[in-house]
Amino acid sequence: MTGSEILLKSLTSNNITTIFGYPGGAIMPIYDALSKNQQLRHILVRHEQGAIHAAEGYARATNKIGVCFATSGPGATNLVTGLVDALMDSVPILAITGQVQSDLIGKEAFQETDVVGITSVITKYNFLITDPCMIEDTMYEAIKIAKSQRPGPVLIDISKDAQTNEVTSRKNIYHIPIDMKKINEKLVRDACEIINNSKRPLILAGHGIRIASSYSELHKFSDNGNIPVACTLHGLSVINEGSPRYIGMLGMHGNYAPNMATAKSDCIIALGMRFDDRVTGRLDDYAKSAKIIHVDINKNEFDKNVKTHISIHTDLKDFFKLANNKLKYQKRSNWFKDLDKWSTQEKIKVLDREEKNNNLTCAYIIKRLSDITDGRAYVISDVGQNQMITARYYKSKIPNSFFTSGGAGTMGFALPAGIGVKIAKPQEEVWIVVGDGGIQMTLQELAVIKQENLNIKIAIINNSFLGMVRQWQDMFFDGQLSHVSLKNPDFITLAKGFGIKGETVNSKDNVDNAIKKARKYKGAYIIEFKTQKEEVIFPMIEPGASTEEIRLE
């Protein structure tokens, strides 16, 4: 067998069925072998960045590894943004790139780039293969690394001759140890004792809940101790947002109650989250009254940003197995009264005000989308104002159904990632929410939706601005708007050019009908919502402020 054939066999033997990619000269032998393979489905994207974001969407929706192919040089470097995105958001990705002949490496050959060097700091690990005998063992190790502990991207760069040459033997050249520490049961007992004795406990649920698929365990943990749950951006949809103990999203543009609760809590239980700056605000004033219990699979996160009282290095499923039997139900009436008070303040100063706005706003659109779909759609948001509003207003009722770019904040993420989600979940209702700026970064992937006949719905929030940048310029740069006004194309005419149906909505009166029409239509459908130009997102924790200094207006 050739190296290319061994590569594809290694994919199928690891239960990989789907690849997103774009062919080119240095990876052509692999594509030749792929044309004869009946077990692997290949999705031809229109740009390599689209391939890796689609692989991310697929991986996030399935908790399996996402795979993408690209050729050497510019093909490989076009994966860089997606690798950063996957690394920061803990997404298991296997990126396979072609490389020039091994005897040409380092000689500035046509489309040669040191991909391993470029990507060494934005992957969990990367490999250069110049001998086909290395492929099978490398593939095994790469997949193990990508999926283990805190998941992330791994890149394999394969020279063209390693793809074409025949495999004469197998070289077992790698064995990269995975550090898995046995759970410390005493720490779990100590943590539960602190929680049981607390009057104002608060669960901060992060992406780790999704990685561990511990949704029911989280519900049980919250129920057993009667503990309110707040979610990070990536923690959204780990808990039914209709739950009486769910109090909202943390962070800079999160809900008022969870941010105030962070400042007032006497015990914070951080589950699979990393205390990033958008959650903590000013660190020296963060959760000063709380004993902090941090549970995470990645020990490098402990005490990195926030000093913890107890750190438990383990898989969340193992933690819940021990902890769920040790919690005692406490009524905590005063604590829940405070939470209700803060939620009411946000309702009066933010939600009611937005409800009374006669203009078409993103907030109104997402609220209606949430109500009409009953929170049961898979939603992929882009980055910017549309992201924060979707995160706050779409009330997910099914596990692992909200996806966005968090750590990297990658504009253009939603469209290709939504394709990956739909490929992974073909029977589910999938909505992409994207701004007029973000859609123009990857809109070529609309061709993939048509080519694959994907029943995806797309809501374009068109306010003719780079909305979040405009808001910050308005608030923090004396209202001096610099290069944020957009002269946009006719998105519905563009959609028609791709063979996709769509319509434009200009007023609140037409929102419901458009959403219902899109849902009923058997195929891809785009709604361009022309919204109020200068929508401002509140609540907001200003840069340098503490969580307690969150603004409602």
Side-chain angles (χ1 to χ4, degrees), residues 18-28 30-31 34 41-60 66-89 91 93-99 110-111 113 115 118-119 122-123 153 155-157 380-384 403-405 408-424 430 432 434-454 456 458 460 488-489 491 494-495 497-500 524 526:
T18 306
I19 301 160
F20 303 88
Y22 200 96
I27 200 170
M28 212 171 288
I30 292 175
Y31 271 86
L34 187 60
R41 180 184 182 185
H42 181 273
I43 308 298
L44 176 63
V45 297
R46 297 303 186 267
H47 191 281
E48 290 86 357
Q49 185 177 347
I52 192 164
H53 288 327
E56 282 189 273
Y58 182 91
R60 292 176 192 230
V67 180
C68 59
F69 285 176
T71 193
S72 63
T77 58
N78 280 340
L79 298 178
V80 165
T81 297
L83 290 171
V84 172
D85 200 272
L87 184 69
M88 295 193 75
D89 286 354
V91 184
I93 293 293
L94 178 60
I96 296 172
T97 54
Q99 184 55 275
F110 176 67
Q111 290 193 332
T113 304
V115 179
I118 289 170
T119 62
I122 55 172
T123 54
L155 180 138
I156 302 177
D157 196 35
I380 306 91
S381 86
D382 210 69
V383 171
F403 310 93
T404 192
S405 170
T410 304
M411 286 181 66
F413 168 86
L415 179 55
I419 291 170
V421 172
K422 187 62 179 180
I423 295 291
V430 173
I432 293 168
V434 59
D436 48 337
I439 188 70
Q440 293 183 72
M441 290 194 167
T442 52
L443 63 78
Q444 70 277 353
E445 305 305 332
L446 289 173
V448 181
I449 292 177
K450 183 63 178 178
Q451 180 171 297
E452 296 293 330
N453 194 28
L454 300 177
I456 292 177
I458 302 172
I460 300 175
N488 289 319
F491 289 112
L494 266 177
F498 283 103
I500 298 174
I526 292 176

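Note that CG of Leu79 and CD1 of Ile96 are 11.0 Å apart. Values are rounded to the nearest 0.5 Å.
Residues forming a side chain to side chain contact (heavy atoms under 4.5 Å, CB included) with Met441 (at least two apart in sequence, or on another chain): Met411. With sequence neighbours excluded, no residue forms a salt bridge (charged side-chain N to carboxylate O under 4.0 Å, His left out) with Asp157. For Ile500, the side chain to side chain contact (heavy atoms under 4.5 Å, CB included) partners at least two apart in sequence or on another chain are Leu446, Ile449, Ala495, Phe498, Ala524, Ile526. Applying the side chain to side chain donor-acceptor pair (under 3.5 Å) criterion to Gln111, with sequence neighbours excluded, gives no partner residue. For Thr404, the side chain to side chain donor-acceptor pair (under 3.5 Å) test picks out Ser381, Gln387, with sequence neighbours left out. With sequence neighbours excluded, the residues forming a side chain to side chain contact (heavy atoms under 4.5 Å, CB included) with Leu87 are Lys124, Pro153, listed by chain and number. For Tyr22, there are no side chain to side chain donor-acceptor pair (under 3.5 Å) partners, not counting sequence neighbours. With sequence neighbours left out, Ala424 forms a side chain to side chain contact (heavy atoms under 4.5 Å, CB included) with Tyr58, Ala61, Thr62. Applying the side chain to side chain donor-acceptor pair (under 3.5 Å) test to Asp89 and every residue at least two apart in sequence or in another chain returns Arg60, His234.
Ionic pairing of Arg41 and Glu452 is present here: one or more N-O contacts between side-chain nitrogen and carboxylate oxygen are shorter than 4.0 angstrom.
Summarising the geometry of Ala51 relative to Phe20, their closest heavy-atom pair is O-CB, 3.5 Å, with the distance given to 0.1 Å. Here the closest heavy-atom approach between residue Thr113 and residue Gly73 is recorded as OG1-CA, 3.2 Å.
Just one residue in the list Asp382, Asp85, Thr442 forms a side-chain hydrogen bond (donor to acceptor under 3.5 Å, both in side chains) with Thr410, and that residue is Asp85.
For residues 44-54, the pairs satisfying side chain to side chain donor-acceptor pair (under 3.5 Å) are Arg46-Gln451, Glu48-Asn78, Gln49-His53, His53-Glu56, with sequence neighbours left out.
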